[in-house]
Amino acid sequence: MKPGRSSLLAPLVGLLSVANGISLEVSSLDSIKSVTSTLAYDMMTYYSGNQTGQTPGILPGPCESTACYYWWEAGAMFGSLINYWQYTGDDSYNPVVSQALAFQIGPDENYNPPNQSKNMGVDDQAFWAFSALDAAEANFPEAGGDIPSWIALAQAVFNFQQDLWDDATCGGGMRWQVYSFNAGYNLKNTISNGGNFQIAARLAYYTGNQSYADWAIKMWDWMEGSPLFQTQDGNLYIWDNTDTNNNCTDVAHYAWTYNYGTMLMGAAYLYNYTDGDPLWEQRVMSILKGAELLFFPQEYGGNIMTEFQCEPAANCNNDQSSFKAYLSRWMAVTTLLVPSTYDMIMPRLTASAAAAAQQCTGGNNGRMCGRRWYSNFDGSSGVGQQMQALSVIGATTIHAGIAPKSVKTGGTSKQDPDAGNDAASSPVKPPSAITTADKAGAGILTVLCICIIVGGSMWIIL
Ligand SMILES: *[C@@H]1O[C@H](CO)[C@@H](O)[C@H](O)[C@H]1NC(C)=O
Ligand SMILES: *[C@@H]1O[C@H](CO)[C@@H](O)[C@H](O)[C@H]1NC(C)=O
Ligand SMILES: *[C@@H]1O[C@H](CO)[C@@H](O)[C@H](O)[C@H]1NC(C)=O
Ligand SMILES: *[C@@H]1O[C@H](CO)[C@@H](O)[C@H](O)[C@H]1NC(C)=O
Ligand SMILES: *[C@@H]1O[C@H](CO)[C@@H](O)[C@H](O)[C@H]1NC(C)=O
């Protein structure tokens, strides 16, 4: 009997689905380890900072072109690799991570390196501080030598940012940019203030020092009283930024996963730090409910994380293409710090992980990930796309054994509450090396981004 057409084709189809893309079994730890190992490898093909003659800690840039990554995203990437090590036990990247986190500290030991001044935001520093906190909370090996400890680095960033509190406008909060000559200095945005809130909350948790918790509460209260937070029809909306030029009387109505994520994370640490204060549990729940409403749309089944502001329109920039990584990682930690959230969070991480994996079928190697987890490969690839898939798939392995450590539960990173305080550089004193061309470049970029985002978001406000 001659084989029919379909029986000839069938084995070919089978082969193709193995050769093309990655195959994930979400309930199998071995499968998760193998898939995340591939994703981490492919992510790190973008990084050459550990090679001879390159600068450790920097992704391709500078950002006058489109194929570039700002400094903060590299900092965030190293944190995702610390979590990867915790999720899987694979320590292959630990030396690269350690080298990068140590190299970018800057002369004042507070993640404010002069090379980055022309774009230096409170949020940019926060992402490097988050990675230092990830390292401390994981007992990630210290860099050693005269490099400050991981927790001291986070304390140094906290100390630096304390001086940026600005009562002169909007009744408080922090401006986005550290230096007044940078575009965006007029804005007070959620990721900067919420990033500082998260740092303070995590320092309170790690050190047990109430001063950090007091600061986090002060920040929360300011944000809650500002237009960045809005409650409507019983739902909490966390908007992106407000403008000091009109004393923060209006707000830019767009919603991003990482803004919800950073508030969720800070609130979860404070819930745990206060040994279960119901007020913080209620805040955790309201952020989660808001996130679920916006970022897990029913039209894609209700469990698949979606950056709805830019994925459907295919106009996410490189920053935005990484945001779901942070919400994924932070939701996973929330299940440990606030155990009552587990049943709400886990089904969404699991469904998102499966969805993320099935679309990693692109690029030259046939297994690069795009941004849209709710569809087939969308044709985009980059560090953020890889990091998002790596993070959400890894996050499904979350378990009590990797709960963030503190001094009470075996954290060994050595505290220095005064870290960075003898720093020479004042946050308000601009460095001199900025050229007019640099300023213009940064300004144009910011204006472009804001136009696109505002346009893309109109439909949710109306
Ligand atoms: C740089 O890091 C990669 C892992 O991302 C590793 O494979 C490579 O050997 C490292 N190169 C050097 C020169 O250390
Ligand atoms: C700053 O830039 C210079 C010149 O590119 C480089 O040699 C140096 O290593 C950079 N420092 C940091 C901390 O990135
Ligand atoms: C600016 O806003 C703050 C906080 O809402 C308020 O206390 C202050 O009076 C306002 N200042 C001006 C000049 O309107
Ligand atoms: C607690 O934190 C505050 C704020 O940084 C600091 O001034 C104080 O020295 C710390 N206390 C201890 C005991 O570390
Ligand atoms: C705080 O987090 C730890 C570690 O995950 C957990 O064991 C503990 O139950 C949490 N505390 C509360 C009050 O939920």
Side-chain angles (χ1 to χ4, degrees), residues 36-64 68-75 77-82 84-85 88 90-120 124-125 127-128 131-132 143 146-148 153 156-157 165-175 186-188 193 218-219 221-230 241-251 383 386-387 390 423 425 431-435 438:
T36 52
S37 159
T38 302
L39 294 172
Y41 178 89
D42 290 338
M43 176 173 80
M44 290 303 275
T45 59
Y46 290 88
Y47 180 70
S48 56
N50 65 328
Q51 290 167 18
T52 312
Q54 303 290 312
T55 305
I58 301 290
L59 283 163
C63 277
E64 275 72 50
C68 80
Y69 296 90
Y70 285 104
W71 179 70
W72 78 271
E73 190 168 343
M77 180 181 83
F78 299 115
S80 78
L81 287 170
I82 294 172
Y84 166 73
W85 165 61
T88 64
D90 177 5
D91 62 5
S92 330
Y93 299 102
N94 288 13
V96 182
V97 170
S98 189
Q99 179 197 40
L101 289 180
F103 196 84
Q104 289 299 321
I105 291 169
D108 300 329
E109 309 198 331
N110 55 15
Y111 286 122
N112 191 38
N115 283 0
Q116 305 301 330
S117 298
K118 67 179 179 203
N119 296 303
M120 184 57 75
D124 303 67
Q125 301 181 331
F127 272 89
W128 284 85
S131 296
D146 55 4
I147 307 292
L153 285 165
V157 173
W165 184 269
D166 168 41
D167 276 320
T169 56
C170 315
M174 291 179 191
R175 291 166 178 269
N186 56 310
L187 301 177
K188 291 191 174 175
N193 288 282
K218 167 173 143 162
M219 181 56 95
D221 289 347
W222 176 76
M223 293 182 76
E224 191 180 41
S226 82
L228 294 172
F229 278 29
Q230 183 186 340
N241 68 75
T242 179
D243 195 336
T244 60
N245 286 341
N246 57 24
N247 198 32
C248 300
T249 46
D250 58 11
V251 73
V383 174
Q386 291 307 116
M387 195 193 329
L390 169 67
S425 84
S432 52
I434 305 299
T435 67
D438 287 337

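Bear in mind that the values here come from a model prediction, so they are computed numbers and not experimental data. For the single chain, residues carry numbers from 1 onward in sequence order. In listed order, ligands and their atoms are each counted from 1.
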**Asked** Stepwise, does the side chain to side chain contact (heavy atoms under 4.5 Å, CB included) test hold for D124 with Q116?
**Response** CA-CA 10 Å; D124 303 67; Q116 305 301 330; over 6 Å; no
**Asked** What do the steps show when you test Y47 against F78 for ring pair (Phe, Tyr, Trp, His ring centres under 6.0 Å), and what is the final call?
**Response** CA-CA 11 Å; Y47 180 70; F78 299 115; 5.4 Å; yes
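- Closer than 4.0 angstrom to ligand 3 lie heavy atoms from C170, G171, N247.
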**Request:** Step by step, work out the side chain to side chain contact (heavy atoms under 4.5 Å, CB included) result for N115 and I58.
**Result:** CA-CA 11 Å; N115 283 0; I58 301 290; over 6 Å; no
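- With a heavy-atom cut-off of 4.0 Å, V96 touches ligand 1 through its side chain alone.
- Those atoms of ligand 1 that come under 4.0 Å of a heavy atom in M44, given as number and element, are 5 (O).
- Of all the heavy atoms of Y47, none lies under 4.0 Å from any atom of ligand 1, so neither backbone nor side chain is involved.
- Counting all heavy atoms, side chain and backbone alike, V251 lies closest to N241 at CG2-O, 3.3 Å.
- Residue pairs meeting the salt bridge (charged side-chain N to carboxylate O under 4.0 Å, His left out) criterion with at least one partner in residues 37-52, sequence neighbours excluded, are D42-R367.
- Among N94, D90, T88, the single residue meeting the side-chain contact (heavy atoms from CB on, under 4.5 Å) criterion with S92 is D90.
- Note: W128 and W71 have parallel aromatic rings, judged against thresholds of 30 and 60 degrees for the angle between ring planes.
- Residue-ligand proximity, N115 to ligand 2, at heavy-atom distances under 4.0 Å covers atoms 1 (C), 2 (O), 3 (C), 8 (C), 10 (C), 11 (N), 12 (C), 14 (O).
- At distances below 3.5 Å, at least one donor-acceptor pair connects side-chain atoms of K188 with backbone N or O atoms of G172.
- Ligand 1 has a nitrogen or oxygen under 3.5 angstrom from a nitrogen or oxygen of N50.
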